Amino acid sequence: MKKIPPVKYMRDFYPELMRQRLEIESAWRAVSERAGFEPWDAPIVEHLDLFTRKSGEEIVTQLYTLTDRGDRELAIRPEMTPSLARLITQRQSALPRPIKWYCSARMCRYERGQRGRLREFWQWNIDLLGVADVTADAEVMSVALDGLEEFGLGPADVALRLNSRDLLAALLGALGIPEEHHAAVYAVTDKRGKVPDETLTKLYEELGLDKATLEKLLAVMSCSTLEELDRAARGAGLVGFEAEVEKLQRLIGYLEALGKGDYVVFDIGIVRGLAYYTGPVFEIFDRNAELRAICGGGRYDRLMETMGGQPMPAVGFGMGDVVLGELLTEKGLWGTAPANVVAQAVPLADERIADAMRLVASLRAGGMMADYVMKSGGLGKVLKRAGESGVRWVIFVGGDEWDSGQVRVKELATGEERLVGTDGKELLALIAKTAL
RNA sequence: GUGGAUGUAGCUCAACUGGUUAGAGCACCAGAUUGUGGUUCUGGGGGUUGGGGGUUCAAGUCCCCUCAUCCACCCCA
């Protein structure tokens, strides 16, 4: 019989990998809860319309779609935001503001796999709705960075690249570029840092702008700090963008107040592909910029209307488990050791197997992680295995000790042995004491 | 969807210009070791050399196709 492999670009979670996934998810959860976000989730399968409404029909080629027996067109969710919008709009007037929600969800995208991108993955979403001010943006970005700090990552490891769609729009407007051409400019700007500067310049030239406008655009787009941009735009005689610069400066100030100032880098090349972003947008990268973005997000103040709800300002991000996992592996920051069995009982004769079970059952009932060897004897091997796998106590069940109502307990780290009663109580107390 | 690279045991890799039955280390299982340790020693299981076709007396090796993986592009919610 031929073996059936896992589905292309999807992972089998052997225990080692599964522990990593759980470590990531519990960190996300802990950080979210600590920052006052509430958990939510939705079905893993949604109506196809939910996704095409937000992203257009082209999205279908990137989805796992299915038709159910009632001829309903469905799709496995490729992201959480449409579901979020549904949940929010269903109870929009009843939810107290601000709405701070998080989820850690499994999703699928039918894409070509490559490093950092698979067809099934987990994504942490943080969303804050009902607050139009950049205080909310700062909060969301800060929590994203908290999520990375939880693993020991710091400003030396990752950077938060920040930009604003409103700022870009204001600059292009000031340059006299009509709104319908903004998307084309964004598409080029998005390449910044990904292609050589000369190529970028060439792409801007191909946009068909007149020479004066092009020169001003290039002057503005080549800035690598917000201050530099402010000077360059003023120098080019542009007006009407100042409020957006001020907003970003205030946002950066809030991030500093939240202790995240060292991560922030202004990057006019951060555009984000999605059309629905409206204000500040950001991506978090490893400092070496070897991997794709660890996290991306921004403000999407129009989405609730698009999804049939009342207008409501919103800001959020998504962080995937794949790139983060690669970074943690690269930096050696995985924390979880296997959960070792603390105590292992070994029956010294077949007649003692049931007794070992009883003892272990009472230890488990007492909250201790305990296990037993499933056959009697073979002490040399049992001890060897126990030592290798991190067992801390081995309990010998049987022999003369058993006949006198006791079991012999060996602490593997010291080799010290003691005699305790067979009901497990004394053993629990002993282990609890040494565990501290 | 486009282009490039790579495919040998669970993992890391050998096998000179084509030449006997494809090997080693690690891992796994067992024994030395029926009441006491991590070392050591011995043995064992595990391969359609990704798959198919072709050239040849002979293919892991050369050719073609295909599949998979990785990298880059497109896209990136």
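FYI, side chains are in, hydrogens and waters are out, and symmetry mates aren't considered; it's all heavy atoms of this structure. First the proteins, then the strands, lettered A, B, ... as listed; each starts at 1. The model shown is predicted, which means the values in this text are computed figures rather than measured ones.
G7(B) and C16(B) have their P atoms separated by 14 Å, given to the nearest Å. The gap from the C1' atom of A27(B) to that of G44(B) amounts to 14 Å, rounded to the nearest Å. Rounded to the nearest Å, the gap between the P atom of U36(B) and that of A14(B) is 45 Å. Nucleotides G37(B) and A32(B) place their C1' atoms 16 Å apart, quoted to the nearest Å. Separation of the P atoms belonging to G38(B) and U33(B) is 14 Å when rounded to the nearest angstrom. On the P atoms, U8(B) is 14 Å away from A15(B), given to the nearest whole Å. Nucleotides C13(B) and U6(B) have their C1' atoms positioned 15 Å apart, rounded to a whole Å. Comparing A5(B) with G45(B), their P atoms sit 40 Å apart, to the nearest whole Å.
Ionic pairing of D146(A) and K260(A) is present here: one or more N-O contacts between side-chain nitrogen and carboxylate oxygen are shorter than 4.0 angstrom. Salt bridge status for E111(A) with R117(A): present, with a side-chain N to carboxylate O gap under 4.0 Å.
Residue order along RNA chain B, read from the 5' end via each residue's closest nucleotide, puts G113(A) first among G113(A) and G296(A).
Neither OP1 nor OP2 of C76(B) sits under 4.0 Å from any side-chain N or O of R292(A). The phosphate of U34(B) (OP1 or OP2) has no side-chain N or O of K375(A) nearer than 4.0 angstrom. Taking 4.0 angstrom as the limit, K410(A) places none of its side-chain polar atoms (N or O) nearer than this to OP1 or OP2 of G37(B). The phosphate of U69(B) (OP1 or OP2) has a side-chain N or O of Y9(A) nearer than 4.0 angstrom.
Between N125(A) atom CG and M107(A) atom CE the span is 5.5 Å, to the nearest 0.5 Å. Interatomic distance, L258(A) CG to E139(A) CD, rounded to the nearest 0.5 Å: 6.5 Å. In this structure, CZ on R287(A) lies 12.0 Å from CG on L327(A), to the nearest 0.5 angstrom.
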Identify the pairs formed between an N or O of the protein and an N or O of nucleotides 1-4 of chain B at a distance under 3.5 Å, and give each distance.
{"unit_1": "U2(B)", "atom_1": "O4", "unit_2": "R112(A)", "atom_2": "NH1", "d": "2.8"}

Give me the distances for all protein-to-nucleotides 38-47 of chain B N/O pairs that come in under 3.5 Å?
{"unit_1": "G38(B)", "atom_1": "N2", "unit_2": "G387(A)", "atom_2": "O", "d": "3.2"}

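No more than 12 heavy atoms of other residues, nucleotides or ligands sit less than 6.0 Å from atom CZ of R302(A).
Distance CG (D49(A)) to P (A77(B)): 22 Å, rounded to an integer number of Å. Regarding R117(A), its CZ atom lies at a distance of 10 Å from the P atom of A77(B), rounded to whole Å.
The aromatic rings of W101(A) and W40(A) sit tilted relative to each other, their planes meeting at an angle between 30° and 60°.
Checked by atom type, the side-chain pair E120(A)/Y64(A) shows no donor-acceptor distance below 3.5 Å. Side-chain N/O atoms of W122(A) and S104(A) include no donor and acceptor closer than 3.5 Å.
Closest to the side chain of E401(A), out of C75(B), A77(B), G35(B), is G35(B). When distances are taken from the side chain of L383(A) to each of A77(B), U69(B), U36(B), the shortest belongs to U36(B). Of the candidates C75(B), C76(B), U36(B), C75(B) carries the atom nearest the Q62(A) side chain, counting heavy atoms from C-beta on.
Scored by the side chain to side chain contact (heavy atoms under 4.5 Å, CB included) test, N288(A) finds D286(A), E290(A) as partners (sequence neighbours excluded).
Interface remark: the E417(A) side chain does not form any donor-acceptor pair with the G35(B) base, using a distance-only criterion of under 3.5 Å.
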